[in-house]
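Contents: one structure, followed by commentary.
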Amino acid sequence: MLNVPPQAFPGPSSQQRAAAGGRGKVPLKPGRSLMDWIRLTKSGKDLTGLKGRLMEVTEDELAKHNKKEDCWICIRGFVYNVTPYMEYHPGGEDELMKAAGTDGTDLFDQVHRWVNYESMLKECLVGRMSAKPIAAPKEISTLSEEKKQLNGMVPEKKAQAASAKDLIPSYDWFQTDSLITIVIYTKQKGMNAELVIADCQDKRLRGEIIMDDHSYLVEVDLDHPVQEDMAVNIAEKVGKVEITLKKKDNIHWKMLGQPLESHNTFKKCTDRGLFYRKCKLVSKTEVTHDTKLFCLMLPKSTHLHVPKGRHVYLKQIIAGTEIVKPYTPVLPFLPLNFKEPSHHEGACIYLMIKIYSCGLFTQALDHLQIGDYISVSNPEGNFKKTQIQTSEDVFLLAAGTGFTPMVKLLDFALSEVSCLRTLKLIFFNKTEDDILWRNQLEELALKDKRFEVQFILSQPTKDWLGKQGKISSSLLSEFVKRSKKDSKVLICICGPTPFTEQGVQYLKDLGYSQEEIHAFTA
């Protein structure tokens, strides 16, 4: 019998707002929306063409189905007939055809690994790829190994393995009458709150330490219940992390708990699935005519600080299908005094979200009531704050809600980048009514002489006295200029995919290098 996956897994993790190279949406035909696809999957129609059968698929069989009218794709060992999904795919048919008749896992991971394809394509499941025969391992000459040992030498590979093991974090735990403390020794300096994610839900403790592109995970089913309150203390200089839990009953624990599957593992962040916790909606404030600021409260038993330039995923069940979308947290407001570093993170996550009249996901978000819950993932993305810490001139190019990743960058640059000379936001919108936080941005520009904001409208009224037009090489050459010939520059750009891709090309044409440009792509 085939081991068929459950109908709805947690979505795989993501690089959705990562480096340039994302794919944009294409116009879909009428009747080909996400809701239309969900209706089709629930209609009972045979979408696999196999009349309910599941089969083991060989590479040769998979390769035969490589046309638009007959397209199979393998993702993580499972084969899907995506032929009926062609006209519903937001990225267009051509994107799907790049993986037609092949293993499309790598391509999928590059473009939109965050999508919960198991739920979206569950009615298109053909079956599992048949296992390849495993080649017998080559015999190792034990004689040569023994000679090296006898000569007092450690084989090179073994020496490397031992060295790598020394760098892998470890953990321990201890208790008092009322407390349980888990200590994680990261073995690296510079540990901070943004690199530690901890959750305790229904006796399940999960503590993840982010170390560059890898993470270390402690994950156990605790031996006894604990209270909601949880404390996380970080010794930055020695890289020690302490997670302290309060016992519900003052009894002696014989063990911390049962280890879960990924417990005590150290691996690439991209190899871990997304982890979600339920957050309560505590406020919803109008920003413009179609954009609102949502405030989501984290559980007491969660420690989570979203790094600058990173995003989270919101997950909702809509019409029985799990839908996941990315959003970049912002600040609740723009601080106007940057003498001291600001600390707005902690209990809440703020999301500035445009509500689309025909948007299935955002309409569902807008209908949430105060006190309702929504699932929020761990942070994702690849922006590193070291990119901005040594920059003298920072330029932020934003279109519409592409402004959201710029908010924390703006705050961080003005408060903590000591070498900063100039910070300029070039903000593209259709109309004046679309400009997010216009008054706050103008007030900030008056307060801090390093900061300048330039609003550019593509559909202004006759009364608009400012700049108008769309992103162009001539426009960027006017506003994106170094403060001195050899100044260190960082240019961040975010908006609809065509805006971002055109902007990156214009910047390169103007002589800026790839290392000086960071594109947040959708």
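Remember, predicted model here, so these are calculated numbers, not experimental data.
Ser474 and Ser472 share a side-chain donor-acceptor pair at under 3.5 Å. Residues Arg438 and Thr288 bring no donor and acceptor atom of their side chains to less than 3.5 Å of each other. Asp509 and Ser473 form no side-chain donor-acceptor contact under 3.5 Å, judged by distance and modelled atom types alone.
Under the 3.5 Å distance criterion, the side-chain polar atoms of Lys354 are left unmatched by any main-chain donor or acceptor of Thr401. For the pair Lys203 (side chain) and Leu222 (backbone), a donor-acceptor distance under 3.5 Å is present. Put simply, the side chain of Thr404 never gets that close to the backbone of Met352: no donor and acceptor are under 3.5 Å apart. Under the 3.5 Å distance criterion, the side-chain polar atoms of Arg310 are matched with a main-chain donor or acceptor of Gly381. Glu392 places a side-chain N or O within donor-acceptor distance of the main-chain N or O of Lys488, the cut-off being under 3.5 Å. A donor-acceptor distance shorter than 3.5 angstrom exists from the side chain of Ser301 to the backbone of Cys200, with no hydrogens or angles considered. With hydrogens and angles ignored, the 3.5 Å screen pairs no side-chain donor or acceptor of Ser377 with any backbone N or O of Val312. Of the possible donor and acceptor atoms, none in the side chain of Glu322 sits under 3.5 Å from a partner among the backbone N and O of Ser119. Using modelled atom types, one side-chain atom of Gln227 and one backbone atom of Lys247 make a donor-acceptor pair closer than 3.5 Å. In this structure a side-chain-to-backbone donor-acceptor pair under 3.5 Å is missing from His518 to Cys492.
With a 6.0 Å radius and a threshold of 12 heavy atoms from other residues, nucleotides or ligands, Lys267 has its NZ atom above the threshold. For Lys240, the NZ atom counts as loosely surrounded, since its 6.0 Å shell holds 12 or fewer non-hydrogen atoms of other residues, nucleotides or ligands. Heavy-atom neighbours of Lys430 NZ from other residues, nucleotides or ligands within 6.0 Å: at or below the threshold of 12. Environment of CG in Asp213: crowded, with over 12 heavy atoms of neighbouring residues, nucleotides or ligands closer than 6.0 Å. Met211 CE: more than 12 foreign heavy atoms inside a 6.0 Å radius.
For Glu219 and Arg206, the salt-bridge test passes: some basic side-chain N is under 4.0 Å from an acidic carboxylate O. Between Asp36 and Arg39, at least one side-chain N (NZ, or NE/NH1/NH2) sits under 4.0 Å from a carboxylate O, which counts as a salt bridge. Arg482 and Glu516 are joined by a salt bridge, as a carboxylate oxygen and a charged side-chain nitrogen come within less than 4.0 angstrom of each other.
Taking CG of Asp448 as the start and CG of Leu414 as the end, the distance is 5.0 Å to the nearest 0.5 Å. Note: Ile471 CD1 to Ile493 CD1 = 4.0 Å, rounded to the nearest 0.5 Å. Rounding to the nearest 0.5 Å places CD of Glu123 at 9.0 Å from CH2 of Trp37. We find the CD1-OH distance between Ile75 and Tyr117 to be 6.0 Å, quoted to the nearest 0.5 Å. Rounded to the nearest 0.5 Å, atoms CG (Leu507) and CD1 (Ile491) are 4.5 Å apart. Put simply, CD1 on Ile456 and CZ on Phe428 are 4.0 Å apart, with the number rounded to the nearest 0.5 Å.
For the residue pair Lys246 and Asp229, the shortest heavy atom distance occurs at NZ-OD2, 3.7 Å.
A side chain to side chain contact (heavy atoms under 4.5 Å, CB included) with Ile517 is found for exactly one of Val489, Leu397, Val504, Leu490, namely Val504. A side chain to side chain contact (heavy atoms under 4.5 Å, CB included) with Ile374 holds for exactly one of Lys278, Lys315, Lys280, Gln316; it is Gln316.
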Original post:
Going through the checks in order, is the side-chain contact (heavy atoms from CB on, under 4.5 Å) test met by Ile349 and Leu304?
Top reply: CA-CA 9 Å; Ile349 290 177; Leu304 172 65; 4.0 Å; yes

Original post:
Should Ile182 and Leu245 be marked as a side-chain contact (heavy atoms from CB on, under 4.5 Å) after you check the CA-CA gap, both sets of side-chain angles, and the distance that decides it?
Top reply: CA-CA 8 Å; Ile182 298 93; Leu245 307 169; 4.1 Å; yes

**OP:** Please lay out, stage by stage, how Tyr88 and Leu40 fare under the test side-chain contact (heavy atoms from CB on, under 4.5 Å).
**Re:** CA-CA 11 Å; Tyr88 297 84; Leu40 178 60; 3.8 Å; yes

**OP:** Begin with the C-alpha distance, continue with both residues' side-chain angles, and end with the deciding distance and a verdict on side chain to side chain donor-acceptor pair (under 3.5 Å) for Ser215 and Arg272.
**Re:** CA-CA 9 Å; Ser215 79; Arg272 297 197 189 278; 2.6 Å; yes

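The aromatic rings of His303 and His305 sit tilted, their planes meeting at an angle between 30° and 60°. In this structure, Phe403 and Phe427 have parallel ring planes: the angle between them is below the 30° cut-off, well short of the 60° mark.
Judged as a salt bridge (charged side-chain N to carboxylate O under 4.0 Å, His left out), and not counting sequence neighbours, the contacts of Lys467 are Glu478. Under the salt bridge (charged side-chain N to carboxylate O under 4.0 Å, His left out) criterion, Asp221 pairs with no residue, sequence neighbours left out.
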Less than 3.5 Å apart, which donor and acceptor atoms pair up between the side chains of residues 365-373 and the rest of the protein, not counting sequence neighbours?
| from | atom 1 | to | atom 2 | distance (Å) |
| --- | --- | --- | --- | --- |
| Asp366 | OD1 | Lys292 | NZ | 2.8 |
| His367 | ND1 | Gln363 | O | 2.6 |
| Gln369 | NE2 | His367 | O | 3.2 |
| Asp372 | OD2 | Gln369 | N | 2.7 |

